[in-house]
Amino acid sequence: MLLTGDQYSILRKEGTEYPFTSPLLNEHRKGVFNCAGCGQDVFSSQTKFESGTGWPSFWAPLNAGVVGTTRDISLGMIRTEVHCSRCRGHLGHLFDDGPKPTGLRYCMNGAAMAFRLSVS
Ligand SMILES: [Zn+2]
């Protein structure tokens, strides 16, 4: 799959897009967000919420198997890095200040994902 420069720096170099730049931020239709690196489905519109951060945010992944996490100590912070379980492409970070029912906030880079409208 061909990646744009932004997609490459995020997925492969763990970059972060500027907030409020992703068209997926305001994607409110029913559908599925998939990894831009390999196409694996990673998040559903059903768990997307408005976090106010400027990044597409979810309170749960599509299922437990589609994303993996690592400890990220870059930038002088301890954060939980989130990546696609299939291609290991970096998607974003995980925080514990999200809404119910999980209390989790998956803070994702929109450029690391593509949206597929649900037909059902
Ligand atoms: Zn992937």
Side-chain angles (χ1 to χ4, degrees):
M1 209 172 289
L2 273 178
L3 300 176
T4 66
D6 281 352
Q7 288 174 326
Y8 182 84
S9 72
I10 293 166
L11 285 162
R12 306 294 178 232
K13 302 288 181 192
E14 298 196 9
T16 298
E17 70 194 10
Y18 287 106
F20 301 102
T21 56
S22 171
L24 294 188
L25 184 61
N26 296 312
E27 179 56 75
H28 297 301
R29 293 173 293 176
K30 240 176 98 178
V32 173
F33 297 84
N34 53 77
C35 170
C38 72
Q40 171 165 261
D41 292 344
V42 284
F43 289 96
S44 161
S45 59
Q46 292 178 350
T47 61
K48 193 171 188 288
F49 70 99
E50 290 305 314
S51 65
T53 59
W55 289 283
S57 303
F58 304 84
W59 49 262
L62 197 62
N63 65 61
V66 294
V67 295
T69 59
T70 59
R71 201 167 118 106
D72 176 7
I73 55 167
S74 65
L75 305 177
M77 294 179 277
I78 299 176
R79 298 181 296 173
T80 302
E81 182 273 342
V82 179
H83 56 265
C84 168
S85 66
R86 186 198 276 170
C87 73
R88 296 195 66 81
H90 173 68
L91 300 174
H93 286 88
L94 171 60
F95 301 91
D96 60 6
D97 58 2
K100 290 176 178 175
T102 60
L104 299 174
R105 173 166 62 92
Y106 285 82
C107 185
M108 299 294 106
N109 290 287
M113 301 185 296
F115 179 74
R116 193 175 70 246
L117 203 54
S118 173
V119 286
S120 58

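- Closest non-hydrogen pair, Gln7 versus Ala111, comes out as CG-O, 3.0 Å.
- Using a 4.5 Å heavy-atom threshold, the side chains of Cys84 and Cys38 count as touching.
- The neighbour count for Arg86 CZ, taken as heavy atoms of other residues, nucleotides or ligands under 6.0 Å away, is above 12.
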Quiz prompt | Evaluation steps, side chain to side chain contact (heavy atoms under 4.5 Å, CB included), between Val82 and Thr70 | solution = CA-CA 7 Å; Val82 179; Thr70 59; over 6 Å; no
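- Linking ILVMFWY side-chain heavy atoms closer than 4.5 Å, directly or via other members, places Met113 and Val67 in a single hydrophobic cluster.
- In the displayed structure, Leu117 atom CG is contacted under 6.0 Å by more than 12 heavy atoms of other residues, nucleotides or ligands.
- The closest donor-acceptor contact from the side chain of Ser118 to the backbone of Lys30 lies at 3.5 Å or more, if one exists at all.
- The two atoms that bring Pro99 and Phe49 nearest to each other are CD-CZ, 3.3 Å, heavy atoms only.
- For Gly110 against Leu24, the heavy-atom pair with the smallest separation is O-CD1, 3.5 Å.
- The side-chain hydrogen bond (donor to acceptor under 3.5 Å, both in side chains) contacts involving residues 10-27 comprise Glu27-Arg29, where partners must be two or more places apart or lie in separate chains.
- Ring geometry for Phe95 against His93 counts as tilted: the plane angle lies between 30° and 60°, on a 0 to 90° scale.
- Under a 3.5 Å cut-off, the side chain of Thr102 and the backbone N or O of Trp59 do form a donor-acceptor pair.
- A side-chain contact (heavy atoms from CB on, under 4.5 Å) with Leu91 holds for exactly one of Ile10, Val66, Leu11; it is Leu11.
- The two residues Asn34 and Gly39 have their closest heavy-atom pair at CB-O, 3.4 Å.
- Judged as a salt bridge (charged side-chain N to carboxylate O under 4.0 Å, His left out), the pairs with a partner in residues 61-85 (not counting sequence neighbours) are, in order, Asp72-Arg79.
- Using modelled atom types, one side-chain atom of Lys48 and one backbone atom of Leu25 make a donor-acceptor pair closer than 3.5 Å.
- Residues Phe58 and Met108 form a side-chain contact, since some pair of their non-hydrogen atoms from C-beta on lies under 4.5 Å apart.
- Pairing each heavy atom of Phe20 with each of Gly52, the nearest pair is CZ-O, 3.8 Å.
- For the side-chain hydrogen bond (donor to acceptor under 3.5 Å, both in side chains) condition, the pairs that include at least one residue of residues 103-117, sequence neighbours left out, are Asp41-Arg116, Asp97-Arg105.
- Atoms OG and CG, from Ser57 and Leu94 in turn, are 11.0 Å apart once rounded to the nearest 0.5 Å.
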